[in-house]
Amino acid sequence: MALQVRAAGRRRCIPDLPPPSHPRALPLRYFLILSPQSAGATGLARERDVMKLGTAIAEIMRREGIEILCGYPVNHLIEHAATAEIRPVMVRQERVGIHMADAISRVTSGRTIGAFCMQHGPGAENAMGGVAQCFGESVPVLVLPMGYQRRLAHIEPNFNSSEAMKPFAKSSEPIILAAEVANIFRRAFTKLKNGRGGPVIVEIPSDMWNEEVPEPLNYTPVLRTRYGADPVHVKEAAALLVNAKRPVIYAGQGVHYAQAWPQLKRLAERLAVPVTTSLGGKSSFPETHPLSLGSGGLAVPRAVPKFLGEADVIFGVGCSFTETSFGIAMPKGKTIIHSTLDPNHLNKDVEARIGLVGDAGLVLDALLEEIGRTVTKDRDASAVAAKIAASHKEWLAKWMPKLSSNDAPLSPYRVLWDLQHTVDINNTIITHDAGSPRDQLSPFWKAVEPLSYLGWGKTTQLGYGLGLAMGAKLAKPDKLCINVWGDAAIGFTGMDFETAVRERIPIMSILLNNFSMAIELKVMPVSTEKYHSTDISGDYAAMARAFGGYGERVLKPEDIIPAIRRGIQKTKEGVPVLLEFITSKETEVSRPGT
């Protein structure tokens with residue numbers, strides 16, 4: 001904290017005063033007074049302490065438990081955060097930084113909030129896609145764009161983040177008075193820690209950094225609260241489930257944020273109910289459990305549409321039932337019980353008989369208590385479990401030729417099958433990318449531990465998986481964190497593999513390279529034949545090595561498992577890994593009816 005001189009009523013800093021070891025080490029600021037009346041006499045005067053705006057913001061973030069700030073300069077908050085012992089992680093493009101913050105929130109069930117900051121103007125413009133992805137996936141992320149000076153903020157064509165991002169943010173607010181910073185962040189963190197997740201924008205105009213905030217800083221970490229469903233509706237839902245002939249549970253990512261995994265399992269076992277999940281809800285129910293149907297996106301295990309189609313009651317918990325090409329289509333004419341945190345999702349895309357608005361854990365607790373009044377022990381699940389097992393067996397028999405293929409170029413299904421049976425799946429967090437990697441991985445990967453699979457799909461940005469894997473590794477450094485992507489996705493965000501190397505984030509990237517936009521082949525036959533429009537290429541293992549990571553290209557099926565083992569070892573040594581598997585142009589996926 002600098003000693004300051006006031007001469008003739010003006011204040012200036014004495015530059016050679018050593019700074020304190022911590023920005024809050026001195027509770028008071030001292031000034032050397034040179035008054036014209038005293039003609040050179042000096043003395044110490046004490047004044048109420050103040051801190052710069054950036055210091056106040058960093059202190060608020062620190063008090064809220066944020067330990068990592070992803071970002072890209074210039075945003076002066078980066079320096080203030082570093083001073084407050086918040087680690088800055090710099091990316092190569094803004095969208096990836098938001099993806100990393102996204103994963104930090106996901107793998108901690110929102111108990112730690114991911115944060116990202118960026119430059120005003122072009123930096124904020126580049127970040128738009130990442131913010132929109134968080135909004136579509138309902139992920140709580142604190143986004144801190146710098147803004148134009150207040151006098152220019154509303155003058156075209158200057159980009160105003162708090163206005164431009166408002167349509168796809170949970171809330172959006174600029175700081176225009178430094179004295180209001182505690183109130184602004186109190187509102188922001190209350191939105192982030194309560195209700196359905198989503199990005200929250202706090203824009204910091206570039207002329208605000210020298211503004212001062214009075215001390216002591218009046219900020220206490222905000223409350224985190226939950227709410228539950230109407231008891232009358234709980235009774236009605238319990239009666240429907242108890243008396244249903246063929247019920248199915250559909251679990252979404254709200255189960256993850258509520259950490260309601262034990263209650264979901266108890267409900268399924270008490271009533272012998274089959275369970276399927278959305279991609280976001282995948283790993284909320286162990287997929288090795290006899291009652292697991294698997295998870296569903298665009299591609300699904302055969303049991304998912306079969307049991308949903310035969311169901312008389314579908315209980316959706318912690319889900320939105322959003323209609324999307326990359327989710328399970330709910331069959332028509334079913335009795336739906338919808339448990340959701342957000343009442344705006346009721347009757348949005350499916351008609352609900354009963355709405356249970358509230359935290360998934362509280363809803364499940366209430367249902368279990370009500371059901372326990374009449375069903376006092378677990379129902380016999382052997383018949384339904386046998387039916388599920390038979391469906392899985394028949395389905396896998398159809399797919400085993402691809403899952404165990406010895407062809408070269410490699411079957412991507414063989415690569416992912418071998419990956420699943422080589423890693424310690426209980427100590428692994430895996431995520432897919434958009435397109436083929438998602439559809440080839442999600443039906444077959446059996447997630448066991450909660451939050452071990454980061455699934456997504458309401459909006460499907462290519463390149464999302466890399467940032468998710470890096471963010472997961474930052475939040476859970478003891479886990480093997482994997483992203484599975486294709487040669488199209490790496491073209492979007494591949495430069496940020498260098499971020500993994502530079503920032504010492506030892507993830508393992510599994511790249512399925514078929515030198516083609518394979519899923520577009522059917523819709524672009526003329527442009528492919530005449531102009532090779534779906535052809536893409538690259539030596540991505542060499543790229544990984546050039547960045548300082550470990551890169552290996554795999555061509556033969558017998559080399560798949562040894563390469564994976566070498567990659568795992570390298571991550572244990574602290575080296576990011578990219579394994580490039582040269583695969584066939586596979587286009588078949590496990591759709592309903594196949």
Side-chain angles (χ1 to χ4, degrees), residues 53-54 57 69-81 88-105 114-176 184 188 191-192 198-209 433-434 456 458-468 470-471 488-496 498-499:
L53 176 71
I57 295 172
L69 174 63
C70 303
Y72 194 87
V74 171
N75 186 312
H76 300 305
L77 184 59
I78 296 167
E79 278 292 284
H80 291 284
V89 175
M90 296 298 100
V91 294
R92 298 301 291 264
Q93 67 148 302
E94 289 82 0
R95 183 163 70 98
V96 173
I98 294 182
H99 296 164
M100 293 170 70
D102 175 329
I104 291 170
S105 293
F116 179 79
C117 71
M118 66 288 206
Q119 180 186 7
H120 71 288
E125 293 163 21
N126 281 341
M128 293 272 280
V131 178
Q133 184 82 52
C134 289
F135 183 72
E137 297 294 316
S138 301
V139 181
V141 172
L142 178 62
V143 183
L144 299 158
M146 210 153 80
Y148 281 92
Q149 299 172 38
R150 284 167 288 180
R151 68 182 183 85
L152 300 174
H154 297 278
I155 299 175
E156 293 182 350
N158 296 333
F159 185 84
N160 188 302
S161 294
S162 56
E163 288 190 353
M165 296 180 182
K166 187 176 290 185
F168 45 92
K170 192 171 181 184
S171 71
S172 185
E173 185 174 0
I175 301 175
I176 55 175
I184 290 169
K191 291 285 199 312
L192 289 164
V200 169
I201 316 299
V202 177
E203 186 175 23
I204 311 164
S206 59
D207 60 341
M208 288 291 298
W209 296 106
D433 218 289
W456 47 277
K458 292 186 183 70
T459 181
T460 56
Q461 296 177 6
L462 279 167
Y464 187 26
L466 175 64
L468 289 180
M470 289 194 289
I490 199 172
F492 277 67
T493 59
M495 281 296 294
D496 266 287
E498 185 272 341
T499 298

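The CD1 atom of Ile57 sits 12.0 Å away from atom NE2 of His76, with the distance rounded to the nearest 0.5 Å. For the atom pair CG (Asn158) and NE2 (His120), the distance works out to 8.0 Å, reported to the nearest 0.5 Å. The SG atom of Cys117 sits 7.5 Å away from the CD1 atom of Ile204 when rounded to the nearest 0.5 Å.
Put simply, the side chain of Arg95 reaches to within 4.5 Å of the side chain of Gln461, judged on heavy atoms. Within the 4.5 Å cutoff, side-chain heavy atoms of Trp209 are placed close to those of Leu77. Using a 4.5 Å heavy-atom threshold, the side chains of Val91 and Met100 count as touching. Using a 4.5 Å heavy-atom threshold, the side chains of Glu163 and Glu203 count as separate. Residues Gln93 and Met495 have side chains not in contact (no heavy-atom distance under 4.5 Å, counting atoms from C-beta outward). Within the 4.5 Å cutoff, the side chain of His99 has no heavy atoms near those of the Met470 side chain. Looking only at side-chain heavy atoms (C-beta outward), Ile201 and Phe168 stay at 4.5 Å or farther from each other.
The residue from Val200, Ile184, Val202 that alone fulfils the side chain to side chain contact (heavy atoms under 4.5 Å, CB included) condition with Glu173 is Ile184. Checking each of Thr499, Asp433, Val96 against Thr493 for a side chain to side chain contact (heavy atoms under 4.5 Å, CB included) leaves exactly one that passes, namely Val96.
A donor-acceptor distance shorter than 3.5 angstrom exists from the side chain of Glu137 to the backbone of Lys458, with no hydrogens or angles considered. With hydrogens and angles disregarded, no donor-acceptor distance shorter than 3.5 Å links the side chain of Lys191 to the backbone of Lys170. Between the side chain of Glu94 and the backbone N or O of Ala124 there is no donor-acceptor pair closer than 3.5 Å. Checked by atom type and distance alone, the side chain of Arg150 pairs as donor or acceptor with a backbone atom of Ile176 at under 3.5 Å. At distances below 3.5 Å, at least one donor-acceptor pair connects side-chain atoms of Asn75 with backbone N or O atoms of Leu144. Ser105 places a side-chain N or O within donor-acceptor distance of the main-chain N or O of Pro140, the cut-off being under 3.5 Å. For Ser172 (side chain) and Ser162 (main-chain N/O), a donor-acceptor pair under 3.5 Å exists by modelled atom type.
Of all non-hydrogen atoms in Ala153 and Asn160, the two that sit nearest each other are O-ND2, 3.0 Å. Heavy-atom minimum distance, Cys134 versus Ile98: SG-CG2, 3.7 Å. Nearest heavy-atom pair, Met90 versus Pro73, reported as atom, atom and distance to 0.1 Å: SD-CD, 3.7 Å. Nearest heavy atoms, Trp456 versus Ala434: CH2-N, 3.4 Å.
Summarising the local packing, OH of Tyr148 is surrounded by more than 12 heavy atoms from other residues, nucleotides or ligands at distances under 6.0 Å. Shown here is Glu125, whose CD atom has more than 12 heavy atoms of other residues, nucleotides or ligands within 6.0 Å.
The closest side-chain donor-acceptor pair between Gln149 and Asp207, if any, does not fall under 3.5 angstrom. Asp102 and Tyr464 form a side-chain donor-acceptor contact under 3.5 Å, judged by distance and modelled atom types alone.
His80 is linked by a side chain to side chain donor-acceptor pair (under 3.5 Å) to Thr55, counting only residues two or more places apart in sequence or in another chain.
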